[in-house]
Undergrad: 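Mind having a look at this structure? Questions to follow.
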Amino acid sequence: MAKKIDEGKSQIVLIVAIIIIAVVMLFGMFNKGRKDAEKITKKSKNMKTSQNSDKKTSKTRKSKEKREVEPEILDGYQVLKVSDGDTINIQKVENGKFVGEILRIRMYGMDAPEKTQDYGSESRQALEKLVTGKNLSVEVKNKDRYGRTVAIIYADGKNVNEEMVKTGNAWWYQEYAKKDAQFEEYQENAKQKKLGLFSRKGYTEPWNYRKEKKAAASSRTKSK
């Protein structure tokens, strides 16, 4: 009788052990499956994020390329006024009449002597000769802090901005046109050949002239 009881207990222990092992195995399988699912979800999110980032980068690159390839060109203009060697007023002409908005243009990539500066009058006259009576096209760059349209002017197809620097009637405005090495080449050639303002001694760059003039005015105000 005692032997049968012992055998029964052994069977019960064995069954309990088998059940515990089965539960542990099932729990392990479930936990592994959950981790695998989390990894797959994480990979999927990372792939989507990467794809979206690539799409944004591609769109940005295409947008920049488009802006570079397609500059804004305005045609059919004539000059109204030449203020100095780098600033003019223009207006569109239709059927022989001036129409629309008057644009005040600050010419891109160049800086001419001020009206009150040595060679200022000659620079203005040189620009006037290049644009008066000509059909003008305008390649818009941006707006400056004074609200003027910064642009390249073409007179009957000729790049007036480059022509002014090429003939020594204006400086290459390096601060605002650093990447336009063509202006630098034209200026160096004008210096070597002593063209325009470079034919004179003791010339001062217009940006330095403006700084000196501003400093002098500030000094006078303080002394009062």
Undergrad: With side-chain contact (heavy atoms from CB on, under 4.5 Å) as the criterion, how do Glu175 and Asp111 come out once you've worked through the C-alpha distance, each side chain's angles and the decisive distance to 0.1 Å?
TA: CA-CA 10 Å; Glu175 184 179 355; Asp111 197 8; over 6 Å; no
Undergrad: If you look at every heavy atom in Ala112 and Asp86, which pair is closest and at what distance?
TA: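 Between these two residues, the closest heavy atoms are N-OD2, 2.9 Å.
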Undergrad: Drop me the distance from Leu130's CG to Glu163's CD, to the nearest 0.5 angstrom.
TA: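 Rounded to the nearest 0.5 Å, the CG-CD separation comes out at 6.0 Å.
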Undergrad: Mind listing the closest non-hydrogen atom pair of Glu72 and Leu74 along with its distance?
TA: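 That would be OE2-CD2, 3.8 Å.
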Undergrad: Of the non-hydrogen atoms in Gly85 and Met110, which two are nearest, and what is the gap between them?
TA: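 Closest approach of Gly85 to Met110: O-CE, 3.0 Å.
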Undergrad: In terms of hydrophobic clustering (I, L, V, M, F, W, Y; side-chain heavy atoms under 4.5 Å; direct or indirect links), are Phe98 and Ile102 co-clustered?
TA: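 Yes, same cluster.
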Undergrad: For the pair Asn159 (side chain) and Glu162 (backbone), establish whether a donor and an acceptor sit closer than 3.5 Å, ignoring hydrogens and angles.
TA: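 The answer is yes, because a donor-acceptor pair under 3.5 Å joins these two groups.
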Undergrad: Please tell me if the side chains of Ile153 and Val138 come closer than 4.5 Å, counting only heavy atoms from C-beta onward.
TA: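 Yes, at least one pair of side-chain atoms sits under 4.5 Å.
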Undergrad: CE/Met164 to OG/Ser123 distance, rounded to the nearest 0.5 angstrom?
TA: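 One gets 3.5 Å once the value is rounded to the nearest 0.5 Å.
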Undergrad: Enter the distance from Asn161:CG to Tyr154:OH here, rounded to the nearest 0.5 Å.
TA: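 Rounded to the nearest 0.5 Å, the CG-OH separation comes out at 8.0 Å.
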Undergrad: Testing the basics here: between Ala170 and Leu197, what is the closest heavy-atom pair and its distance to 0.1 Å?
TA: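 Reported closest heavy-atom pair: N-CD2, 4.1 Å.
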Undergrad: Per the side-chain hydrogen bond (donor to acceptor under 3.5 Å, both in side chains) rule, what does the pair list look like for residues 91-101, sequence neighbours excluded?
TA: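 For residues 91-101, and leaving out neighbouring residues, there are no side-chain hydrogen bond (donor to acceptor under 3.5 Å, both in side chains) pairs at all.
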Undergrad: Do any N or O atoms from the side chain of Gln117 and from the backbone of Thr204 form a donor-acceptor pair under 3.5 angstrom?
TA: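 Yes, Gln117 side chain to Thr204 backbone: donor-acceptor pair under 3.5 Å.
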Undergrad: Tell me whether Leu103 is reachable from Val93 by hopping between hydrophobic residues (I, L, V, M, F, W, Y) whose side-chain heavy atoms are closer than 4.5 Å.
TA: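 They do not share one cluster, since no chain of ILVMFWY contacts under 4.5 Å joins Val93 to Leu103.
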Undergrad: Are Leu195 and Thr167 side-chain neighbours, meaning at least one heavy-atom pair lies under 4.5 Å?
TA: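 With C-beta onward as the side chain, the pair stays apart.
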Undergrad: Tell me, with the steps shown, if Glu122 and Arg200 meet side-chain contact (heavy atoms from CB on, under 4.5 Å).
TA: CA-CA 12 Å; Glu122 290 88 339; Arg200 302 184 180 183; 2.7 Å; yes
Undergrad: Check whether the side chains of Tyr119 and Asn169 place a donor and an acceptor atom closer than 3.5 Å, and report yes or no.
TA: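 Yes, Asn169 and Tyr119 have a side-chain donor paired with an acceptor closer than 3.5 Å.
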Undergrad: Run the salt bridge (Lys or Arg N to Asp or Glu O under 4.0 Å) test against Arg104 and tell me which residues pass, sequence neighbours left out.
TA: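 So Arg104 forms no salt bridge (Lys or Arg N to Asp or Glu O under 4.0 Å) with any residue.
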Undergrad: Taking side-chain hydrogen bond (donor to acceptor under 3.5 Å, both in side chains) as the cut-off, I'd like each qualifying pair that reaches into residues 184-195, sequence neighbours left out, listed once.
TA: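 Listed by first then second residue: Gln182-Tyr186.
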Undergrad: Between Asp84 and Arg106 (salt bridge meaning N to carboxylate O under 4.0 Å), is one present in this structure?
TA: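 No.
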Undergrad: When rounded to the nearest 0.5 angstrom, what is the spacing between CE in Met107 and CZ in Arg148?
TA: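 Rounded to the nearest 0.5 Å, the CE-CZ separation comes to 12.0 Å.
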Undergrad: List in chain and number order the residues that pass side chain to side chain contact (heavy atoms under 4.5 Å, CB included) with Thr132, two or more places apart in sequence or in another chain; answer none if no residue qualifies.
TA: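 So Thr132 forms a side chain to side chain contact (heavy atoms under 4.5 Å, CB included) with Val79, Glu128.
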Undergrad: If I take atom CG from residue Asp144 and atom OH from residue Tyr176, how far apart are they, to the nearest 0.5 angstrom?
TA: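 So the gap between those two atoms works out to 8.5 Å.
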Undergrad: Please round to the nearest 0.5 Å and tell me the distance separating atom OG1 of Thr149 and atom CD1 of Ile105.
TA: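 Rounded to the nearest 0.5 Å, the OG1-CD1 separation comes to 4.5 Å.
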Undergrad: Going by the ring pair (Phe, Tyr, Trp, His ring centres under 6.0 Å) test, which pairs reach into residues 192-214, not counting sequence neighbours?
TA: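 Qualifying pairs, neighbours excluded: Trp171-Phe198, Trp171-Tyr203, Trp171-Trp207, Tyr173-Trp207, Phe198-Tyr203.
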Undergrad: Taking only residues two or more places apart in sequence, or in another chain, which ones meet Lys141 in a salt bridge (Lys or Arg N to Asp or Glu O under 4.0 Å)?
TA: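 In terms of salt bridge (Lys or Arg N to Asp or Glu O under 4.0 Å), with neighbours along the sequence ignored, Lys141 is linked to Glu139.
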